There are 2 protein chains.
Amino acid sequence: MDEIKSPSFKPLYQQVKELMVSRLTDRSWAPGSILPSEALLAAEFGVSQGTVRKALDELTSENLLRRSQGRGTFVTEHTANRSLFHFLNMVDTNNEKQIPESHLVSISSGSATESEARDLGLIESMSVIRIQRNRSLENIPVITEVIVVSSSLTPGLDNYPLPLPNTLYQLYEKDFGFSVTSAREWLTAVSANQLQAEHLDVELGTPLLRVKRIAYTYNAQPVELRISLCHTANHSYLSELT
Amino acid sequence: MDEIKSPSFKPLYQQVKELMVSRLTDRSWAPGSILPSEALLAAEFGVSQGTVRKALDELTSENLLRRSQGRGTFVTEHTANRSLFHFLNMVDTNNEKQIPESHLVSISSGSATESEARDLGLIESMSVIRIQRNRSLENIPVITEVIVVSSSLTPGLDNYPLPLPNTLYQLYEKDFGFSVTSAREWLTAVSANQLQAEHLDVELGTPLLRVKRIAYTYNAQPVELRISLCHTANHSYLSELT
DNA sequence: GAGTGGTCTAGACCACGAA
DNA sequence: TCGTGGTCTAGACCACTCT
């Protein structure tokens, strides 16, 4: 006799985890806020405390939550430190990360190019906002970059009162209600063109590290495209492999 | 009354984990071999199965072990695939990793320079072996690199019967008894010099991605230094941030 | 069917932080 | 002192692999 066994078995803790992610997505658990205790969550979801714990532990290892013994469980938010340690891999010759200083060059809106639309999951010619800025580390210009984000995600960003904060991801989270949770970067080497050379105060043709980043919010939805050109005379991009 | 509470509290599962790492280090659990079952380990270490599980889970998330339901727990070994997916971040324009083909240029021994000694934790002028090779992806020369490893770790490597295998980490593991478990890479952009240009079949001065890697074995001990120069016209270095 | 890891539970106790 | 997360246990049952 044919009996179909668990055709679509999904562990309880994963179902619980998905419920939790949906609370993060819809911001009923907002960045920075505290979650109910394990016991309360267990009662609410109708599972054991151990099962809740397993879901919480996975979300913690994905950096969506932070847990702290004696205090509670909190939704991870973008602080200067988090942006620095998770989303900026440039280090100096001592392997230390420095807080960058940003100088806005321009901010404007326009139509998404074909490749921008592809990277951001938009339809071509939809409106996007482009930010160009330069960044210094220890008072040396090191990065010149263009940031592209859909106008529908950040309405009015092109008329935002200046200066823009140093950490855009904090701005997205606080003023526009979406959180960057992960990113992918593609690195290549290029020669500085005239404009880049001026921004970085280097000779035309100087080799630069080009970093193309796509940033994602919960559930791997792309929200921002960023192309950075980095002068690597005194800094390098650190990558850890396991 | 003054009572000192847990002046150096260390969870049981961490102690178990350290014991397990020492078995990996001394190769009483060799790469590719199967571990005793959870129940046996629990009995042997005198702790509960849950505690053993927690230690095993952490080692699994650090890629030191692999677990497979119904089969058992195995010591991670270097296969072509593992080297490819964990230790080679170059992708093509479709974001796919390709198996590289290696061409040996030279292999020789000499004295460690000051910086090599620093990176490898050696004393200056100790003997090292240097391997220079070029690597192709889809028949296009993409990488030219120098690999430096202490002669004391790989005695006789400079007289090893050619050709060397494509995956050096497999060789280290099988013939020299040490395993690469993690690595750090520092990326910068440089201009191709004459020699590099010839190896990569590009013009002098072409911008190249320079990747300096230090590879570590268990317990973060450095074992290999590698400096790769990559032509990034048709490939890029992919980095995932979380 | 036997043996493995994976899930789930219930409960005890400990370390930590804040009031 | 209380509430939180962190550790540890013991046991039941399930899913998977191999023979």
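Because the structure is a prediction, the values reported are computed rather than measured.
In this structure, A:Val47 and A:Ser68 both approach DNA chain C, and ranking their closest nucleotides by distance from the 5' end singles out A:Val47.
Spacing between atom CD of B:Gln49 and atom P of C:dT9 amounts to 18 Å, rounded to whole angstrom units. For the pair B:Glu38 CD and D:dT9 C1', the computed distance is 14 Å after rounding to whole Å. C:dG5 atom P lies 10 Å from atom CD of B:Gln69, rounded to whole Å. Counting to the nearest Å, the P atom of D:dC14 and the OH atom of A:Tyr13 are 18 Å from each other. Here the P atom of nucleotide D:dT7 and the NZ atom of B:Lys10 are 13 Å apart, to the nearest Å. For the pair A:Glu58 CD and C:dT7 C1', the computed distance is 12 Å after rounding to whole Å. Atom CG in A:Asp57 sits roughly 14 Å away from atom C1' in D:dT4 (whole-Å rounding). Across the protein-nucleic acid pair, B:Arg53 atom CZ and C:dT9 atom C1' stand 14 Å apart, rounded to whole Å.
No side-chain donor-acceptor contact under 3.5 Å links A:Ser239 and B:Glu185. No side-chain donor-acceptor contact under 3.5 Å links B:Glu101 and B:Ser136. Between the side chains of A:Arg67 and A:Thr73, at least one donor-acceptor pair of N or O atoms lies under 3.5 Å.
OP1 or OP2 of C:dG5 sits under 4.0 Å from a side-chain N or O of B:Thr73. Within the 4.0 Å cut-off from OP1 or OP2 of C:dC8, not a single side-chain nitrogen or oxygen of A:Lys54 is found.
Of the candidates A:Leu225, A:Leu153, A:Leu122, A:Leu122 is the only one forming a side chain to side chain contact (heavy atoms under 4.5 Å, CB included) with A:Val128.
Nearest to the side-chain atoms of A:Ser48 among the listed nucleotides C:dT7, D:dG6, C:dT9 stands C:dT9. Here D:dT17 is the nucleotide among C:dG5, C:dT9, D:dT17 with the atom lying nearest to any side-chain atom of B:Arg71. Minimum atom distance to the side chain of B:Arg67 is reached by C:dG5, of the listed D:dT7, C:dG5, C:dC8. Considering only side-chain atoms of A:Ser37, the nucleotide from D:dG5, D:dC8, C:dT7 that sits closest is D:dG5. Listed nucleotides: D:dC18, D:dG5, D:dT9. Nearest to the side chain of B:Thr51: D:dT9.
With respect to the salt-bridge test (charged N to carboxylate O, under 4.0 angstrom), the residues A:Glu77 and A:Lys174 do not qualify.
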